[in-house]
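Have a look at the structure below before the remarks.
Below, all heavy atoms of this structure are taken into account, side chains as well, without hydrogens, waters or symmetry copies. Protein chains get the first letters and strands the later ones, always in sequence-line order, with residue 1 at the start of each. Note that the structure is predicted; figures quoted are calculated from it, not measured.
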Protein chains: 2
Amino acid sequence: MRSATGADGEQPISMTVIRRIPAYLNVVRKLREEGVEWVSSHELAKACAMTPSSVRQDLSHFGKFGLTRHGYNVMVLNQALEQILGVDNAFNLVIVGAGNLGRAIANYESFRRRGFFLRAIFDNHPEVIGQEVAGLAVRPLEQMAQVVREQRVHLGAICVPGPAAQAVAERLVAAGVAGIWNFAPTQLVVPSWVAVEDVHLSVSLLTLGYLVRERARQREEPVRPPGGTKATLRGIYGGRKGRI
Amino acid sequence: MRSATGADGEQPISMTVIRRIPAYLNVVRKLREEGVEWVSSHELAKACAMTPSSVRQDLSHFGKFGLTRHGYNVMVLNQALEQILGVDNAFNLVIVGAGNLGRAIANYESFRRRGFFLRAIFDNHPEVIGQEVAGLAVRPLEQMAQVVREQRVHLGAICVPGPAAQAVAERLVAAGVAGIWNFAPTQLVVPSWVAVEDVHLSVSLLTLGYLVRERARQREEPVRPPGGTKATLRGIYGGRKGRI
DNA sequence: TAGATTGTTAATCGATTAACAATC
DNA sequence: TAGATTGTTAATCGATTAACAATC
């Protein structure tokens with residue numbers, strides 16, 4: 001299996017592909033738990049709302065995991081996908097912002113199973129500091145640099161309001177994290193060597209609102225072609241992806 | 001301004017474009033609050049990590065909001081973007097799953113400001129039912145159909161564990177919601193007229209882990225060209241988008 | 001006017017899908 | 001063997017970027 005940035009002269013792998021790997025991994029893990037031994041690109045595609053062609057091409061970026069006539073061995077593929085994502089690596093994580101979202105993240109148990117270990121939670125509200133969240137006492141922001149250094153923290157999750165996010169990001173970067181998981185509705189500016197992954201809930205919700213309204217419009221508004229015949233668009237748009 | 005599915009015979013608008021509108025709206029709202037009157041495609045692009053060209057082309061899908069030599073009037077653009085996203089519409093929302101994530105979503109205050117009104121929270125754990133969350137008593141799942149009908153609920157947020165998600169989705173669809181905001185790590189199967197917006201936190205976190213590990217690899221692994229000179233890749237990859 | 005900015009068309013780039021030889 | 005499935009190449013499709021006439 002080659003690295004995404006392999007020194008072998010091949011192309012680096014696009015983020016589009018990378019973001020699909022966790023979905024494959026989810027499916028393959030479930031299959032392994034069910035005791036399934038083999039899975040074809042067709043089956044994998046169906047489970048992930050993809051085409052078989054895309055599945056095969058995605059996987060081929062990392063090596064040849066398949067066996068002609070059998071498809072992919074579930075155990076082999078499971079291990080390969082985990083290695084690609086570095087699930088064998090352990091990441092230390094801190095959360096900044098002990099509000100509802102920060103607490104929810106802190107208590108998200110499946111993270112630990114995937115190698116992400118919560119080391120501290122920070123907040124700057126005096127009445128919150130010292131409260132216990134997910135087994136950890138909330139600490140003041142001032143302790144961040146020390147904690148990140150001493151506990152070798154790789155990742156910081158930003159769960160503070162938008163206006164405070166950039167300052168928190170800068171503090172995390174100065175403390176030495178290599179990646180930021182950003183839940184604030186803010187476009188962070190960070191040095192190029194820091195990875196940022198955004199989870200913009202409001203973008204997601206507004207998009208959903210748009211979709212719902214557009215589909216309602218499609219169902220309700222009759223289309224009147226010049227000829228004068230009448231038809232509605234109900235049922236024409238069957239898929240969930242791409243254009244609506 | 002034309003609709004995304006305008007009966008005028010033009011092309012529908014791609015989801016890629018739609019998903020950028022909330023980001024533009026965020027920036028434009030902030031500018032309006034600051035009293036800024038005009039914004040150019042360059043400025044907007046910078047604030048959203050886009051190119052000016054893309055900004056202009058995105059906006060041109062919905063109409064001509066700009067004025068040559070001035071750029072876009074902030075008030076006009078703000079209103080236009082809100083209209084595109086249907087922020088004038090009010091959506092009624094229920095949450096299924098009163099765990100940490102469900103509670104965090106329930107308490108996300110900015111939703112109300114954007115026209116999303118929480119009407120109920122459901123759970124099926126007897127010890128949780130009746131607890132107060134965001135001013136509402138948690139209800140048993142059995143009441144979902146009635147609540148959705150009586151309160152004209154449009155959207156359901158799924159905040160239950162993966163294995164329960166598909167059943168909850170079917171229940172929401174049967175009750176009559178038009179859209180699902182899915183936080184479970186599951187590929188939901190729903191009828192084509194139901195919109196689904198996924199927020200897969202584990203995909204996001206695993207992707208971040210991958211990025212961090214790859215960048216570390218880039219910095220640490222020296223590249224040895226055939227000639228024998230030695231160089232690291234530090235600093236070559238400046239951007240945050242696209243290939244890593 | 002000269003210069004700056006839009007809206008739009010054309011060119012480029014990248015991602016997805018289709019097709020098919022290789023293979024067990 | 002016949003048939004099914006991969007890995008990979010080629011074709012299509014869509015998204016982004018560049019370029020530029022129109023305009024104030």
Side-chain angles (χ1 to χ4, degrees), chain A residues 1-2 4 8 10-21 23-24 28 31 36-74 76-77 80-81 84 237 239-244, chain B residues 1-2 4 8 10-21 23-24 28 36-74 76-77 80-81 84 239-244:
Chain A
M1 183 190 318
R2 74 184 181 80
D8 50 5
E10 295 175 37
Q11 282 204 337
I13 291 158
S14 79
M15 284 304 297
T16 317
V17 174
I18 299 299
R19 284 180 197 285
R20 285 194 291 254
I21 304 293
Y24 297 144
V28 166
L31 291 173
V36 176
E37 272 198 75
W38 295 93
V39 61
S40 69
S41 57
H42 284 76
E43 293 162 321
L44 211 41
K46 197 179 174 200
C48 299
M50 306 264 309
T51 64
S53 222
S54 290
V55 170
R56 292 204 299 278
Q57 201 165 59
D58 281 356
L59 297 180
S60 75
H61 284 110
F62 301 95
K64 301 185 182 185
F65 309 118
L67 227 62
T68 198
R69 280 281 287 141
H70 290 83
Y72 301 91
N73 181 285
V74 170
V76 169
L77 189 56
L81 293 173
I84 290 165
Y237 300 89
R240 275 179 36 207
K241 294 171 73 177
R243 295 174 185 280
I244 54 165
Chain B
M1 186 188 320
R2 72 185 184 79
D8 51 6
E10 296 175 36
Q11 282 202 340
I13 292 159
S14 80
M15 283 304 298
T16 315
V17 174
I18 298 300
R19 283 180 197 285
R20 284 194 291 253
I21 304 295
Y24 298 143
V28 167
V36 176
E37 272 198 74
W38 295 92
V39 60
S40 70
S41 58
H42 283 76
E43 293 164 321
L44 211 40
K46 197 179 174 199
C48 298
M50 306 263 311
T51 64
S53 223
S54 291
V55 170
R56 292 204 299 277
Q57 199 165 61
D58 281 356
L59 296 180
S60 75
H61 285 111
F62 301 96
K64 302 184 183 184
F65 309 118
L67 228 61
T68 198
R69 281 282 288 141
H70 290 85
Y72 302 90
N73 180 284
V74 169
V76 169
L77 189 57
L81 294 173
I84 289 165
R240 274 177 40 205
K241 293 173 74 178
R243 297 174 184 277
I244 54 165

Search all heavy atoms of A80(B) against all heavy atoms of F65(B) and return the closest pair with its distance.
CB-CE2, 3.6 Å
Could you work out, with side chain to side chain contact (heavy atoms under 4.5 Å, CB included) as the rule, every residue matching S41(B), not counting sequence neighbours?
P52(B), V55(B), R56(B), Y72(B)
Listed nucleotide nearest any side-chain atom of S60(B), set dT16(C), dT8(C), dT16(D):
dT8(C)
By side chain to side chain contact (heavy atoms under 4.5 Å, CB included), V36(A) pairs with (sequence neighbours left out) L31(A), E34(A), V74(A)
Roughly, in whole Å, what's the span from CG in L59(A) to P in dT5(D)?
16 Å
When the distance from NE2 of H42(B) to P of dG3(C) is rounded to whole Å, what number comes out?
17 Å
Any stem touching DNA chain D, meaning at least three consecutive Watson-Crick or G-U pairs under 3.5 Å, ordered by first number, would be C:3-24 with D:3-24
How would you list, by chain and number, every residue that makes a side chain to side chain contact (heavy atoms under 4.5 Å, CB included) with R69(B), sequence neighbours excluded?
none
Are the side chain of H70(A) and the backbone N or O of G66(A) linked by a donor-acceptor pair below 3.5 Å?
no
Minimal heavy-atom distance between I13(B) and F62(B), with the atoms involved, is CD1-CE2, 3.4 Å
Can you tell me how far C1' of dT6(C) sits from CG of L44(B), to the nearest Å?
13 Å
Between K64(A) (NZ) and dT9(D) (C1'), how many Å, whole number?
13 Å
Footprint string (nucleotides 18-24 of chain D, 5' to 3'): B base within contact, S backbone only, - free, heavy atoms under 4.0 Å:
BBB-BBB
Set of residues satisfying side chain to side chain contact (heavy atoms under 4.5 Å, CB included) with respect to T68(B), sequence neighbours excluded:
none
Interatomic distance where NE2 belongs to H61(A) and P belongs to dT16(C) [whole Å]
10 Å
Between Y24(B) and M50(B), does a side-chain contact (heavy atoms from CB on, under 4.5 Å) hold up when you go through it step by step?
CA-CA 10 Å; Y24(B) 298 143; M50(B) 306 263 311; 3.3 Å; yes
Integer-rounded Å distance: dT16(D) P and D58(B) CG:
7 Å
Considering only side-chain heavy atoms of S54(B), which listed nucleotide, dT8(D), dT6(C), dT17(D), is closest?
dT17(D)
Rounded to whole angstroms, how far apart are CG on N73(B) and C1' on dT6(C)?
14 Å
What I'd like to find out is whether the side chain of L59(B) reaches to under 4.5 Å of the side chain of L77(B), using heavy atoms alone.
yes
Rounded to whole Å, OH of Y72(B) lies from C1' of dT6(C) at a distance of 6 Å
